[in-house]
Amino acid sequence: MIKKEGSFKYLEIKNISKNFGETFVLKNIHLDVFKGEFLCLLGPSGCGKTTLLRIISGLERQTNGDIVQDGLLISNSPTEKRDFGIVFQSYALFPNLNAKQNIAYGLENKKINKKEIEKRTNNLLRLVGLEKYSDQFPSQLSGGQQQRVALARAMALSPGLLLLDEPLSALDAQVRSKLRNEIKLIQKKLNLTTIMVTHDQTEALSMADRVVVMERGHIAQIGTPFELYENPITPFVADFIGKMNLLKGKYDKKNCVFYYLNNRFLISQNTEYSFLENCLLGIRPEDIEIIKFR
Ligand SMILES: Nc1ncnc2c1ncn2[C@@H]1O[C@H](COP(=O)(O)OP(=O)(O)OP(=O)(O)O)[C@@H](O)[C@H]1O
Ligand SMILES: [Mg+2]
């Protein structure tokens with residue numbers, strides 16, 4: 001696990017579980033998020049990513065476990081008392097308010113004076129590259145522009161935590177890739193602790209400092225994109241992050257051999273195991289070379 005110089009645990013998710021009736025959706029989730037970190041929750045549909053994000057925001061209540069944000073126990077705090085901004089997959093803008101009014105909405109509710117609101121919304125419009133669109137209504141904006149407004153709105157109250165639930169998945173590939181870079185730049189510039197849900201591995205690997213791979217309600221592995229690719233700890237992670245050929249066989253450490261059907265693979269890599277009757281040999285496609293047999 002990486003821990004940057006001077007960084008501290010901004011968000012601590014402690015043993016969070018959630019069930020809806022008889023169905024367990026999250027099981028014993030432990031997770032620390034460092035200040036300024038960009039963390040991605042990555043996993044297949046239905047694995048519990050949105051539920052975890054909603055629990056962090058207070059929109060959903062955990063069955064068990066605790067959440068500590070910036071040293072404060074917030075497990076039972078109502079949503080409005082929590083310090084976060086959120087962006088959903090669907091833009092969820094107010095259709096009757098223009099871009100600027102959408103961004104200013106939360107500020108006006110906080111009774112901040114008009115001059116300050118004007119200054120902050122203009123800064124935010126500039127930050128997301130929408131100065132020219134401030135008077136446009138959501139129906140007059142493209143999907144990418146609407147998502148920029150949603151992002152600016154989420155950041156308007158300078159939250160300590162930014163939560164993004166598949167913010168780019170409704171956009172076409174080109175806009176998506178552009179916004180990916182922009183979100184990342186803004187996040188780094190503001191050193192804003194961010195958790196983004198995605199089921200797109202390219203998105204997770206290109207944006208996140210660390211990725212949390214989730215599988216059926218639990219954490220399969222946490223690591224930097226490099227760690228997950230180089231050292232996946234389960235077949236699921238190996239196949240979910242990139243592609244992996246998995247061969248089932250036997251491993252003999254003494255002779256550095258892996259037996260697969262009638263084949264012997266010589267292994268140079270050391271593992272902690274001496275002999276394994278049932279194990280998997282993982283080979284990345286790019287490590288295989290086909291040679292013409294003469
Ligand atoms: N309010 C609810 N009542 C009952 N079951 C729910 C509720 N909300 C979520 N679930 C179930 O919990 C599981 C996890 O749902 P969740 O929305 O967290 O998945 P996800 O990882 O975000 O999936 P996706 O990638 O499709 O958005 C699913 O099986 C879902 O049906
Ligand atoms: Mg979801």
Side-chain angles (χ1 to χ4, degrees), residues 10-11 33 35-40 53 56-59 69-70 79-172 174-198 203 206-209:
Y10 179 74
L11 187 75
V33 189
K35 176 77 189 143
E37 188 173 31
F38 195 116
L39 195 87
C40 271
L53 205 73
I56 294 167
S57 68
L59 291 166
Q69 184 176 354
D70 206 9
T79 302
E80 62 277 13
K81 290 266 157 66
R82 299 192 189 192
D83 179 18
F84 71 93
I86 194 162
V87 178
F88 301 101
Q89 177 180 354
S90 57
Y91 320 122
L93 298 176
F94 303 112
N96 54 327
L97 301 182
N98 66 28
K100 195 168 184 174
Q101 290 163 335
N102 260 286
I103 298 169
Y105 186 81
L107 296 166
E108 276 160 5
N109 275 350
K110 291 274 170 195
K111 311 253 181 301
I112 296 169
N113 77 55
K114 278 214 156 39
K115 222 169 145 192
E116 178 65 20
I117 292 180
E118 180 70 16
K119 194 173 129 202
R120 277 210 228 171
T121 44
N122 285 335
N123 282 342
L124 285 159
L125 279 164
R126 203 171 314 120
L127 187 69
V128 297
L130 286 181
E131 304 101 306
K132 292 197 197 113
Y133 298 86
S134 66
D135 298 332
Q136 312 265 69
F137 288 87
S139 61
Q140 300 169 315
L141 295 169
S142 71
Q145 289 164 341
Q146 289 184 60
Q147 217 43 335
R148 285 198 177 92
V149 175
L151 187 66
R153 188 177 63 177
M155 294 189 300
L157 289 166
S158 309
L161 182 64
L162 182 64
L163 304 175
L164 309 170
D165 192 354
E166 311 233 16
L168 306 176
S169 57
L171 306 172
D172 68 57
Q174 218 177 345
V175 179
R176 204 173 161 140
S177 146
K178 189 158 182 275
L179 254 183
R180 228 183 246 167
N181 296 334
E182 288 177 19
I183 291 177
K184 184 76 190 167
L185 281 174
I186 293 170
Q187 182 268 336
K188 280 288 162 239
K189 188 171 164 190
L190 303 179
N191 195 34
L192 183 52
T193 311
T194 301
I195 304 178
M196 184 174 91
V197 164
T198 179
E203 201 158 284
S206 63
M207 292 179 82
D209 295 316

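A quick note: this is a predicted structure, and the numbers were derived from the prediction, not measured.
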Where do Leu161 and Val33 land on the side chain to side chain contact (heavy atoms under 4.5 Å, CB included) test, with the steps shown first?
CA-CA 10 Å; Leu161 182 64; Val33 189; 5.6 Å; no
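- Proximity of Asp70 to Tyr10: side-chain heavy atoms (C-beta onward) are separated by under 4.5 Å at one or more points.
- If you take CD1 on Ile103 and CG on Leu151, they are separated by 9.5 Å, rounding to the nearest 0.5 Å.
- Side chains of Val128 and Val149 form no contact here, defined as non-hydrogen atoms less than 4.5 Å apart.
- Considering every non-hydrogen atom in both Leu162 and Ala154, the closest pair reads CD1-CB, 3.9 Å.
- For the residue pair Glu203 / Thr198, a side-chain donor-acceptor distance below 3.5 Å is found, with atom types taken as modelled.
- The CG atom of Asn191 sits 7.0 Å away from the NZ atom of Lys188 when rounded to the nearest 0.5 Å.
- Here Lys114 does not pair with Glu118 in a salt bridge; the nearest charged N to carboxylate O distance is not below 4.0 Å.
- Each of Ser142, Ser90, Pro167 was compared with Gln147 under the side-chain contact (heavy atoms from CB on, under 4.5 Å) criterion, and only Pro167 meets it.
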Please walk me through it: do Leu190 and Met155 pass side chain to side chain contact (heavy atoms under 4.5 Å, CB included)?
CA-CA 10 Å; Leu190 303 179; Met155 294 189 300; 3.9 Å; yes
Starting from the C-alpha separation in whole Å, work towards a yes-or-no answer on side chain to side chain contact (heavy atoms under 4.5 Å, CB included) for Ile186 and Leu127.
CA-CA 7 Å; Ile186 293 170; Leu127 187 69; 3.8 Å; yes
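- Between Gly36 and Thr193, the shortest heavy-atom contact is N-OG1, 2.9 Å.
- Side chain of Gln140 to main chain of Phe137: a donor-acceptor pair is present (N/O by atom type, distance under 3.5 Å, no hydrogens or angles).
- Taking the side chain as every heavy atom from C-beta outward, Ile195 and Leu11 approach each other to under 4.5 Å.
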Worked check of side chain to side chain contact (heavy atoms under 4.5 Å, CB included) between Asn122 and Lys100
CA-CA 8 Å; Asn122 285 335; Lys100 195 168 184 174; 3.2 Å; yes
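- Using a cutoff of 4.0 Å between basic side-chain nitrogens and carboxylate oxygens, Asp172 and Lys178 are not scored as salt-bridged.
- With hydrogens and angles disregarded, a donor-acceptor distance shorter than 3.5 Å links the side chain of Asp83 to the backbone of Gly160.
- Within the 4.5 Å cutoff, no side-chain heavy atoms of Ser57 are placed close to those of Arg82.
- Listed for the Arg148 side chain is no donor-acceptor partner under 3.5 Å among the backbone atoms of Leu125.
- Residues Pro138 and Pro95 share a closest heavy-atom pair of CD-O, 3.7 Å.
- Using a 4.5 Å heavy-atom cutoff, the side chains of Leu53 and Leu164 are not in contact.
- Leu157 approaches Ile112 most closely through the heavy-atom pair CD2-CD1, 4.4 Å.
- From Gln101, atom CD reaches atom CG of Asp135 across 8.0 Å, with rounding to the nearest 0.5 Å.
- Atom OG of Ser158 is separated from atom CG of Leu107 by 8.0 Å, given to the nearest 0.5 angstrom.
- With contacts defined as side-chain heavy-atom distances shorter than 4.5 Å, the pair Leu39/Thr194 does not qualify.
- Summarising the geometry, atom CG belonging to Leu124 is positioned 10.5 Å from atom CG belonging to Leu130; distances are rounded to the nearest 0.5 Å.
- To the nearest 0.5 Å, the span separating CD on Gln145 from CG on Leu93 amounts to 11.5 Å.
- Asn123 and Arg120 share no side-chain donor-acceptor pair at under 3.5 Å.
- Heavy atoms from other residues, nucleotides or ligands lying under 6.0 Å from OH of Tyr105 number 12 at most.
- When all heavy atoms of Leu59 and Phe88 are compared, the pair lying nearest together is CD1-CZ, 4.2 Å.
- Between the side chain of Ser134 and the backbone N or O of Lys132, no donor-acceptor pair lies under 3.5 Å.
- The shortest distance between side-chain heavy atoms of Asp165 and Gln89 does not fall below 4.5 Å.
- Atom CD of Gln174 has 12 or fewer heavy atoms from other residues, nucleotides or ligands within 6.0 Å.
- Annotation: cation-pi pair Arg153/Phe94 present, NZ/CZ under 6.0 Å from the ring centroid and within 45° of its normal.
- The two residues Pro159 and Phe84 come nearest to each other via the heavy atoms CB-C, 3.5 Å.
- Side-chain contact between Ile183 and Phe38: present, with at least one pair of heavy atoms (C-beta onward) separated by less than 4.5 Å.
- Between the side chain of Asn102 and the backbone N or O of Leu97, at least one donor-acceptor pair lies under 3.5 Å.
- Looking at Glu116, its side chain never comes within 3.5 Å of a backbone N or O of Asn113 through a donor-acceptor pair.
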